Amino acid sequence: MSKYAYFPGCSLASSSMEYDTSFRLVAREFGIELQELDDWNCCGASPAPHHWVEVLGVLLAARNLHIAGAGEAPLVAPCAGCYNRLKHAQYKLERNQELRRQTSEVLGEEVRYQTEVLNIVKMLNREIKPGALAERARERLAGVRLAPYYGCLLVRPAEVIGYDDPRDPKKMEPLLRATGAEVPHFALKSECCGSYMGLARKEIVLRASHRIIEAAVAAGIDALVTACPLCQQNLDLRQGQINRAFGTSFRLPVLYFSQAIGLALGASPEELGIDSLAVEPDVDRWLKGAA
Amino acid sequence: MADAGKGHACGVRRRGRDDEIKLVGFLCNWCSYAGADMAGTSRLAQPAALRIVRVPCSGRVDPLLVMKAFQEGADGVLVSGCHPGDCHYNEGNYYARRRLELLKRMLPYYGVEPERFHYTWVSASEGGRWAEVVAEFTAAVEPLGKLHYAGGAPAAAAGEEDGDG
Amino acid sequence: MRIGVFVCQCGTNIAATVDTEAVAEAAMSMRDVYHAESIQYSCSDPGQRQVIAAAHQHRLDRVVIAACSPRMHETTFQRAVIQAGINPFMLEMVNIREQCSWIHEDREVATTKAIDLVAAGVARVRGQVPLKRGRVPVVGEALVVGGGIAGIQAALDIADAGMPVTLVEREPTIGGNMARLDKTFPTLDCSSCILTPRMVELKHHENIRLMVSSEVTAVRGYIGNFEVDIRKKATCVDEEKCTGCRICEEKCPSRAPDEFNAGVGESKAISIAFPQAVPLVAALRKEHCRQFIKGKCGVCKKVCPADAVDYEQEDELHTEKFGAIIVATGYRLFDWEGAYPDYGGGLYPDVITSLQYERMLSASGPTGGHIVRPSDGREPRDIVFLSCVGSRAESVGRPFCCNVGCMYIAKQAIQTREHLPDSRCYVFYMDVRACGKGYEEVYRRAQVEAGAVYLRGRVGKIYPRGDKLVVMGTDTLIGDQVEIETDLVVLAVGFAAAEGAGELARRLNIAYDGYQFFTESHPKLRPVETTTGGIFLAGACQGPKDIPASVAQASAAAAKAIRLLSREDLETSPMVAEVNHMRCIGCFKCAEVCPYNAIEKQKLHDGRTVAVIIESLCQGCGLCNVACPPQVISLRGYTDNQLISEVVEVLR
Amino acid sequence: MIEAAKTIRAGEEMLAEIERRSGQDVSSCYQCGTCSSTCTATLAFDYPPHLFMRLLQLGLVERALASRTAQMCYDCMTCSSRCPVGIDVADVIETTKNIADESGRSRPPKEVALFRRLFLRNVCRHGRLHEAGLLAWYNIKSGQFFNDLSLVPLVLRKKKVHLVPPRIRQRRELRRIFRQAKTKPGAK
Ligand SMILES: Cc1cc2nc3c(=O)[nH]c(=O)nc-3n(C[C@H](O)[C@H](O)[C@H](O)COP(=O)(O)OP(=O)(O)OC[C@H]3O[C@@H](n4cnc5c(N)ncnc54)[C@H](O)[C@@H]3O)c2cc1C
Ligand SMILES: Cc1cc2nc3c(=O)[nH]c(=O)nc-3n(C[C@H](O)[C@H](O)[C@H](O)COP(=O)(O)OP(=O)(O)OC[C@H]3O[C@@H](n4cnc5c(N)ncnc54)[C@H](O)[C@@H]3O)c2cc1C
Ligand code: SF4
Ligand code: SF4
Ligand code: SF4
Ligand code: SF4
Ligand code: SF4
Ligand code: SF4
Ligand code: SF4
Ligand code: SF4
């Protein structure tokens, strides 16, 4: 049985709990043990590296890496934002001795930062063979058009992340296909959704996310699938705001990657927190369509 | 100059004054030699310590030849070829550069200051630049004074191994 | 050994600073010097006569002239010593003007230096041996590889000069990329109107043998004497019998991709690429034919009125000798799909390449000259052109300019207006490169007359919105994002070398760059020569080029080839490298560095494999001399002994 | 008017610093505008990314340091991933922004500065982000009481908020981290 240290991050612990529950469920189904990181702290998310100094971002993330470093298991961070911060910190610590020294000073011991950090896509691709998923999914989602939406933080910058193509990411696709769903090409799959500007500069998020939703609807996509709580909230939670701002009436569900896989495994929408999505998909119709 | 040439080819006497430095310059036929010609045609005055030896290409300059020059009493050796990309033989100067870079790093092991060796590019149209190169190189070696080469012959001095003898 | 030394005064040019008498006197005391004198003007007729007379009188066998630069008068004095019965390579010039009298003022210093230089010259000539220029016979026929406009032009020029030419073309027809174009800038005349007559002329030229569907598979030999293997691929059609009636094509049930039309439209397994093809014969592509895939069909054989179809036909192997080779294998478009996922990477049918657009514009093309959207056949209203796709982009490994994109975009914009008066073209560009004669005028016409809107900036993203495409770019002049909802996008895709160019280059032993374009011998002064003697370049195989430049280069290459072929034999420089076979250890370090591939392996009777220098190829650079670990190569005229003795003398 | 011969010289040193720290060659930008074409943040910028690069090329580094672009870019790296020259534009902007921060030249727009401050205070206090708290504080402090109010019923219905802030045990260590970061500017 594979074992992972689990870094949920602030979003999964609050506003995106459905991501957390669905991820835990999928892990359980495939016999993957998740051990929540003890006393983890906020990874600094997006504003940290922009405030005062970038050092803070590294220090915040480093504390988590250090805790994870005490164990053997690799660290999985389903939130693309957290994942990105953790990888960044690793990248900088690896290359900057002075920073490593400072970090160790704060932590009171030599910082352990080399634990392998995975995002959910990489981890599930490692643990689940598409064939195995397909066998269990039995075409449950057949006829549903699910398009992956990767956003930015999951794949960029390439030299830090080192997984998938930053301009044309594709790694969600094999598992999504294994659910039985149709996975059409989605042109804007790695366009930016407007990031964390939702509060301070809402118009940015609305414009950027509107473009993405509009293109998805135009392409006849039934739901977008994402691995980032920030993207998810911009596209889903703010869809009403988008509709109001642009005079549209989109109702495009935006699922978490783990929710899509969970549905294919036959888990109930409630178990997967589907009802926590602002735009709820008509799961019954999806499943019926397949049957 | 009555006694100038008395030294026989195999003789002992040195031409010129003993305290003057002597420099050898290996110049490729196509660019640098022509550049030196141009400097001459333009009457650009230069220090007289340098003696030019014409070679077809800077790539013909064997590091052993450079060492031989030091051994024979050169106080400095200059190699000048075509600019990168302009080599008459396409890539000869790249080979030269690679080998001579290596040589430069080895010189201290033979007790030769690296400043005594210089590798440069001068094109056929750069008469002015050639004159500067000569002046600068001479000025760089002069303060070092005469070289008392003690490094011994670098393995198999080139001449004795020659194929045409 | 009897050496004579002549010290030139060059009027006062030398004598004013160098005591030439003293130099001569000093020379007299040098080993083997039997005569030395100072001459007022050695290069003048009386001066030369003085040298010749002294040579006779003192029975000299070697001569040193201390005067100006050898670059000035070496040949003058070589001729003089020949008259004195001395081998021209037994002459040494010592430069005491440019390197001495003209750059120094102090007479004593200059004289000492002159003596040093003369001593070095004497030492050097002492090591010299008489050399004879070699001669190799020249095969009087040329090979042209590639039958695009460049290859056609080169073949015609050589053939018109009365020399036999073989043109080898890989495809079943000649014409290359130009045959796919509709009109051509700068004059916007019809491509086939100017190309077809040449193709026909070539076909019927008595001095030209045309081999289509053929490839060069091996090349041996050297300048003047190449031996080339050519494989003629089986096309299952007898070229002699086929009349070009195209009945087979009409009846053939198997569809096949239409490469000639750049994938616009479809073709058949047996087909003729286009109506003006030369030769006008059908060719069968086995990989698409039922007869070969499933073993049954035979329709074409049945319907052919000329009984030209022959499924049993086999590849033919020819071996021929040529004196000169011209390579004109042209280009293809860069494989843009993988490099540009942001433009859909080939997924959107209405994002097409400029070559596909060209086929659409062509009246004989698959759409009969109608501009339509591949997706639904509708006429587009708004058309967006993107320049520099796969050009000037380091991030996709293509930093260079395609050289023609800007011009054909302008051309296509003008034509678009003519075809569709209500349409509008938008051009995203970075710079408009319109530097040829009459080119700027075409660009201005596109803007002013054809109303094309030029936007200075690149495009970051293209994505579909309904049946339209959204193009997200920037206009850097206004400093803002621009979005265009359009019907059709045309990509000006950059040039790549022809398929297999690198492989061909290796067969020919010619150099190529990181993009597999062949490398010329000198970018300015030897632009059609390769580094391998006797092989020349023409057209886009050497780098992106338009038709005028391709044709000019082709004629230049032809002139070089004619110059070579018109000689019965070739004189070779004797200042070449030489291997002491007795001591060669067969490591071939020498061959690795030789820029001219002038070093071959040869097996000796005693079983050893040693290096031999092909004198007709060696250019005398001396790289091998330095590279040889046991130091058994020496460059004649610049042997290690000679150089060392020179060094010893100047340092004395 | 820009006296380019003067501005370029004047900005040379700062530009060199930016180039050194970002590892990018600003002069290699040929102003194609690809970076700007899909940047979602340009709405909030005064200079779209390609003009930001241009400022640096012309030595107008002070303008770049004080720009909203430096402050508002959120490092999505869309620009960097598309630059045909391969310039990491986002890194250039971020580096400029860091220098502005360190030298006290940073002037983020009011509401952005506020959001960041509150966010970090929130994290510093609890160790983890308390989203509801952040939203509430932001609205109070910014005076935009109704910002995202429309989301509140939705968020409550979907059980997306926790009213009680989360807390980690080692809050003291966290404060140390914040202190350290403040006192050691620019350890890059
Ligand atoms: C869209 C577009 C529009 C253009 N419009 C114009 C225009 O208006 N005006 C203009 O001046 N130029 C134009 N050009 C450029 C023009 O096409 C080229 O300059 C010209 O075709 C180059 O001719 P070439 O003979 O060198 O090469 P090609 O035309 O490519 O011919 C090369 C030939 O060699 C053959 N070949 C390749 N490899 C081998 C091999 N190994 N063995 C045997 N044969 C081989 C090929 O099959 C081909 O027949 C345009 C180009 C494009 C892409
Ligand atoms: C500032 C500048 C920089 C350049 N830099 C470069 C560069 O870096 N690289 C490059 O490739 N190109 C460069 N060029 C272009 C280059 O100069 C030309 O391509 C090249 O000189 C053209 O050579 P030509 O022989 O055709 O003409 P010219 O050099 O003009 O030679 C023509 C000759 O014909 C003689 N002549 C004229 N009329 C008559 C007559 N009626 N009878 C007899 N003789 C006559 C003239 O006296 C002259 O000697 C540059 C040009 C300029 C202006
Ligand atoms: S092969 Fe026969 S049918 Fe086909 S074009 Fe030639 S002559 Fe006509
Ligand atoms: S055998 Fe049949 S399929 Fe093949 S080329 Fe002839 S007609 Fe076409
Ligand atoms: S010719 Fe024009 S389109 Fe082609 S690469 Fe150069 S600038 Fe771009
Ligand atoms: S006219 Fe000369 S300077 Fe101007 S674009 Fe053309 S080549 Fe360049
Ligand atoms: S480098 Fe010298 S020893 Fe080696 S193969 Fe060539 S000639 Fe022979
Ligand atoms: S001298 Fe130069 S060209 Fe001749 S064989 Fe040696 S390396 Fe080749
Ligand atoms: S990284 Fe900054 S400048 Fe670049 S696209 Fe994203 S927001 Fe715009
Ligand atoms: S994409 Fe790159 S080259 Fe183009 S303007 Fe932006 S930074 Fe400059």
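Convention: sequence-line order gives letters A, B, ...; per-chain numbering from 1. Predicted model, so just to flag it, every value in this text is computed and none were measured.
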Using a 6.0 Å cut-off, check whether atom [atom1] of [X] has over 12 heavy atoms from anything other than its own residue.
| X | atom1 | value |
| --- | --- | --- |
| D:Gln170 | CD | yes |
| C:Arg381 | CZ | no |
| C:Arg444 | CZ | no |
| D:Arg167 | CZ | no |
| D:Arg121 | CZ | yes |
| C:Arg424 | CZ | no |
| C:Leu347 | CG | yes |
| C:Glu441 | CD | yes |

Main-chain N/O of [Y] paired to [X] side chain as donor or acceptor, under 3.5 Å:
| X | Y | result |
| --- | --- | --- |
| D:Tyr30 | C:Arg392 | yes |
| D:Gln31 | C:Thr476 | no |
| D:Ser37 | C:Gly473 | no |

Among C:Arg456, C:Glu483, C:Arg398, single out the residue with the greatest number of heavy-atom pairs under 4.5 Å to chain D.
->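 The candidate making the most pairs under 4.5 Å is C:Arg456.
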
For D:Gly86 against C:Ser395, the heavy-atom pair lying closest together |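 Residues D:Gly86 and C:Ser395, closest heavy atoms: N-CB, 4.2 Å.
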
Using a 4.5 Å cut-off on heavy atoms from C-beta on, say whether the side chain of C:Tyr340 contacts that of D:Arg82.
->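 In short, these two side chains do not touch, never coming nearer than 4.5 Å.
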
Name the option with the most non-hydrogen atom pairs under 4.5 Å to chain C; the candidates are D:Ser28, D:Cys39, D:Cys79.
->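 The residue among D:Ser28, D:Cys39, D:Cys79 with the greatest pair count is D:Cys39.
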
Determine the sole option in D:Cys32, D:Cys83, D:Cys35 for which the side-chain contact (heavy atoms from CB on, under 4.5 Å) test with C:Arg458 is passed.
->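 Testing each of D:Cys32, D:Cys83, D:Cys35 against C:Arg458, the sole residue satisfying side-chain contact (heavy atoms from CB on, under 4.5 Å) is D:Cys32.
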
Pick one of side chain, backbone, both or neither for C:Met472, based on which atoms fall under 4.5 Å of a heavy atom in chain D.
->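 For C:Met472, backbone and side chain are both near chain D.
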
No-hydrogen, no-angle side-chain donor-acceptor test under 3.5 Å, C:Gln481 and D:Ser36 =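 There is no such pair (donor and acceptor under 3.5 Å, judged by atom type) between the side chains of C:Gln481 and D:Ser36.
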
Going from NZ on C:Lys461 to OG1 on D:Thr34, what distance comes out if it is rounded to the nearest 0.5 angstrom?
->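 Atom-to-atom, C:Lys461:NZ and D:Thr34:OG1 are 13.0 Å apart.
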
